[in-house]
Amino acid sequence: MCVILIGIDDTDNPTSRGTGHLARELSTECARRNLQPLGVTRHQFLLDPRIPYTSHNSGACIAVTSPEGIGVVDFAFDFVRERSAAGSDPGVCISVVADVTTAIEDFGCLVAQRVLTIDEALRVGVSPGVKLRALGVAPAHSAEPPSGRGQGVIGALGSVGQRRAGEDGRFIELPGLRTLHGRVDRQAFADLGISLAHEPSRHRLAPDDRYETFDWVRPRLMHGKPVFPVEWSEGDHVWLPVDRKRSRPHE
């Protein structure tokens, strides 16, 4: 059994649904094909006027397990190409976790810190077991005009790098994540494999403590696992999420 990562980016336009939405659809398709989903993570990149992005400059990474090799998810290239918004410049990166190099992890870190180029991504992405493709660029000898320059490969590779490194990102999908509503107990998180990180407080943890979800739980990617930071509210006598929902129309 191997873990396969699928990074995608630049799949939307200013009026379409975002890359996160398409990533969740791809995860669902993987499950339909009997691949076990391990969650979808959102990855934040540098916000800089020199970078052409739609709204928040973030990519996404889908993780699945498979008893077969990497070829079992090759369908993702066509899946993303066919569902990307008009005028987008999508890129997809696929790799088995064990084949993600230190250079790719470093690239994932750098893409959040400085402006990187398509050539840099393609150079780092040339590695055994890694498939990196710019889907918005017309193939050689094609009569079709290119719809993009290949910008999406930067975020696609960066998403895989960050997911593999395991310290930067947020889970926007996990099996059972969207069943968490209202106030729940600690076991509700444990059942989904989510660890709770309690901020320092004078409150002593008790078995009957409750946790407010605000119907929006998006754990952080920490140490390679989903972690949900919470802080104690003395007034409400409940643990509150440190990360609250913000308006993200394209996520």
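For this chain, numbers begin at 1 and follow the sequence in order. Since the model is a prediction, treat every value here as computed from it, not as a measurement.
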Legend entry - Heavy-atom donor-acceptor pair, E231 side chain to V242 backbone, under 3.5 Å: no
Inset, instruction - Return yes if some donor-acceptor pair links the side-chain N/O of H43 with the main-chain N/O of D168 below 3.5 Å, else return no. - result: yes
Legend entry - Any side-chain donor near an acceptor of the partner, T11 and S88, under 3.5 Å: no
Legend entry - Backbone N/O of V130 and side chain of D99: donor-acceptor pair under 3.5 Å: no
Inset, instruction - Begin with the C-alpha distance, continue with both residues' side-chain angles, and end with the deciding distance and a verdict on side-chain contact (heavy atoms from CB on, under 4.5 Å) for I70 and K131. - result: CA-CA 9 Å; I70 191 175; K131 299 180 180 182; 4.1 Å; yes
Legend entry - Backbone of G87 reached by a side-chain donor or acceptor of N13 within 3.5 Å: no
Inset, instruction - Examine distances only and state if a side-chain atom of S159 and a backbone atom of G155 form a donor-acceptor pair shorter than 3.5 Å. - result: yes
Inset, instruction - For the pair I6 and C30, evaluate side-chain contact (heavy atoms from CB on, under 4.5 Å) and give the outcome as yes or no after the intermediate values. - result: CA-CA 11 Å; I6 310 168; C30 286; 4.1 Å; yes
Inset, instruction - Would you please name every residue forming a salt bridge (charged side-chain N to carboxylate O under 4.0 Å, His left out) with D78, sequence neighbours left out? - result: R81
Inset, instruction - For a side-chain contact (heavy atoms from CB on, under 4.5 Å) with L221, tell me which candidate from R163, E167, R42 qualifies. - result: R163
Inset, instruction - Verify, without hydrogens or angle tests, whether D185 (side chain) and R210 (backbone) share a donor-acceptor contact under 3.5 angstrom. - result: no
Inset, instruction - For the pair D191 (side chain) and A188 (backbone), establish whether a donor and an acceptor sit closer than 3.5 Å, ignoring hydrogens and angles. - result: no
Legend entry - Any residue meeting side chain to side chain donor-acceptor pair (under 3.5 Å) with E82, in chain and number order, not counting sequence neighbours: none
Inset, instruction - Among residues two or more places apart or on two chains, list those pairs meeting ring pair (Phe, Tyr, Trp, His ring centres under 6.0 Å) that have a residue in residues 164-191. - result: F189-Y211, F189-F228
